[in-house]
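This report concerns only the one structure given below.
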Amino acid sequence: MDDPFRIVGKAVDARNTYGLPLAVLAELTHRCPLQCGYCSNPIQLEQASREMTTEQWCSAMTQMADLGVLQIHFSGGEPTVRKDLEQLVQHASDVGLYSNLITSGVMMTRDRMFRLADAGLSHVQVSIQGATGQMSDLIGGFKNALPKKHDTATWTLEAGLALTVNAVVHRQNLPELPQIIEKAVEWGAARLEVANVQYYGWALKNRQALMPTFAQLEDTTNIVNEARARLKGILEIDYVIPDYYAARPKQCMGGWGRQFFNISPSGHVLPCHAAETITELRFDSLKERTLEWIWHNSDAMNCFRGTDWMPEPCKSCAFKEIDFGGCRCQAYALAKDASATDPACAKSPLHEAIFRTAMAESIASEDDFIYRNFANARADS
């Protein structure tokens, strides 16, 4: 077996510093008609009354452009529940930001898609929960979603926009992965993201219902590799394996606070979409500070930047400027310490335990979800 800690090449820009942020995930709202049990939103969902206004989002985008940001990804929840989405896309275009819409597709209309394209939208990512109506409805908790998603994909191409299909996969929908890949081709997508569930927030609550077996993971890898070869030049496929079965941690968001940040519906600036799960950190808000100040001076943005914060064995690891210590949210979720070695890493003292947990939970008989919705969020508080 190959040594997962063998250095095969230097990182292109391995440095103990940070530069300008390249991309921003703008979570416009936590409202969503779907109820996916693996949603990356925090358990404590933001109420509509706390969302930033049109003017506040436009001010944020102007500040993004001034800071050097190149791309904005409009997300949620479901971003199309915002009636001002066209205004926001137009302002992004006016200040020179490339804009991408990440949507479930179930609330879109053809007219609105064309209005968004006219406002300057460049790219659309449509999620898919399953290849069959039954699986799609079960996972999303929303009836008849699949044909609406197909319509949204069709209108995306008719409006002259680029299309990506996002497939979050897990034990229950992995048997449909070959059909999901064919759906992406049928819908005319240029790109498909096959991303295994990452276990924080809602997904952590539903881990027993979602964790794939190791055999499923091996099958998935084979399916993806075969499809990549067969569909070369037709469909690009990105693939993310579950951390619990990995030997080395992923370079989460390019490193904490190095190239990316997320803005929550209420205006808090986060180094990643799951960072609010680290409840011991305080994240500054655009309602109180400028974006430039937060990017450079926020304690939460700076606490895990670079490598100086690392404990052993990370501090002496040859990969420390390649993976930047992996995922802090996962360390907090599993080790109860955000500065701990990511348990996805084989050098973590918890690694074997989480591997055994994954193996045990993957064969559990528990298939019921705690659906992601405001009622279940309140019940958890």
Please check this pair: side chain of D238 against backbone of V194, looking for a donor-acceptor N/O pair closer than 3.5 Å. no
Any carboxylate oxygen within less than 4.0 angstrom of a Lys/Arg side-chain nitrogen, looking at K148 and E78? no
Between Y200 and C327, is there a side-chain heavy-atom distance shorter than 4.5 Å? yes
Classify the side-chain pair E176/T132 by whether it contains a donor and acceptor separated by less than 3.5 Å. yes
To the nearest 0.5 Å, how far apart are CG in L204 and CG in L334? 6.5 Å
Residues E236 and R228 bridged, charged N to O under 4.0 Å: no
Do the side chains of L70 and L20 join up, straight or via other hydrophobic residues, at under 4.5 Å, putting them in one cluster? no
Would the distance check show the side chain of H170 and the main-chain N or O of V197 forming a donor-acceptor pair, the cut-off being under 3.5 Å? no
Using modelled atom types and a 3.5 Å cut-off, is there a donor and acceptor pairing between side-chain atoms of E361 and backbone atoms of M211? no
More than 12 non-hydrogen atoms from neighbouring residues, nucleotides or ligands closer than 6.0 Å to CD on E186, yes or no? yes
Qualifying residue, where the test is side-chain contact (heavy atoms from CB on, under 4.5 Å) with Q129 and the options are L146, L138, L34, V168: L34
So for atom CG, which belongs to D299, do other residues, nucleotides or ligands contribute more than 12 heavy atoms lying within a distance under 6.0 Å? no
Among the clusters formed by ILVMFWY side chains lying less than 4.5 Å apart, do M64 and Y18 turn up in the same one? yes
Could you check whether any side-chain heavy atom of F74 comes within less than 4.5 Å of a side-chain heavy atom of S99, counting everything from C-beta outward? yes
Taking everything shown except E366 itself, do over 12 heavy atoms lie less than 6.0 Å from its CD? yes
Checking R305 against W295: charged group under 6.0 Å from the ring centre and within 45 degrees of the axis? yes
Would you check if the side chain of T164 reaches a backbone N or O of Q125 as a donor-acceptor pair within less than 3.5 Å? no
Flag the pair R289 / V269 as yes when at least one side-chain heavy-atom distance between them is below 4.5 Å, and no otherwise. no
Between E193 and R191, does the salt bridge (charged side-chain N to carboxylate O under 4.0 Å, His left out) criterion hold? Intermediate values first, please. CA-CA 7 Å; E193 288 190 2; R191 183 166 156 263; 2.5 Å; yes
Measure from the ring center of Y244 to the ring center of Y199 and say whether it is less than 6.0 Å. yes
Between D323 and K250, is the closest basic N to carboxylate O distance under 4.0 Å? no
Check: L67 main-chain N/O paired with E292 side-chain donor or acceptor under 3.5 Å: no
If you measure from the Lys or Arg side-chain nitrogens to the Asp or Glu carboxylate oxygens, is any gap between K149 and D151 under 4.0 Å? no
Are E46 and R31 close enough for a salt bridge, meaning some N to O gap below 4.0 Å? no
Tell me whether D367 is salt-bridged to R171, with the criterion being a basic N under 4.0 Å from an acidic carboxylate O. yes
In this structure, are over 12 heavy atoms from other groups packed under 6.0 Å from R50 atom CZ? no
Lys/Arg N to Asp/Glu carboxylate O, E352 vs K347, below 4.0 Å: no
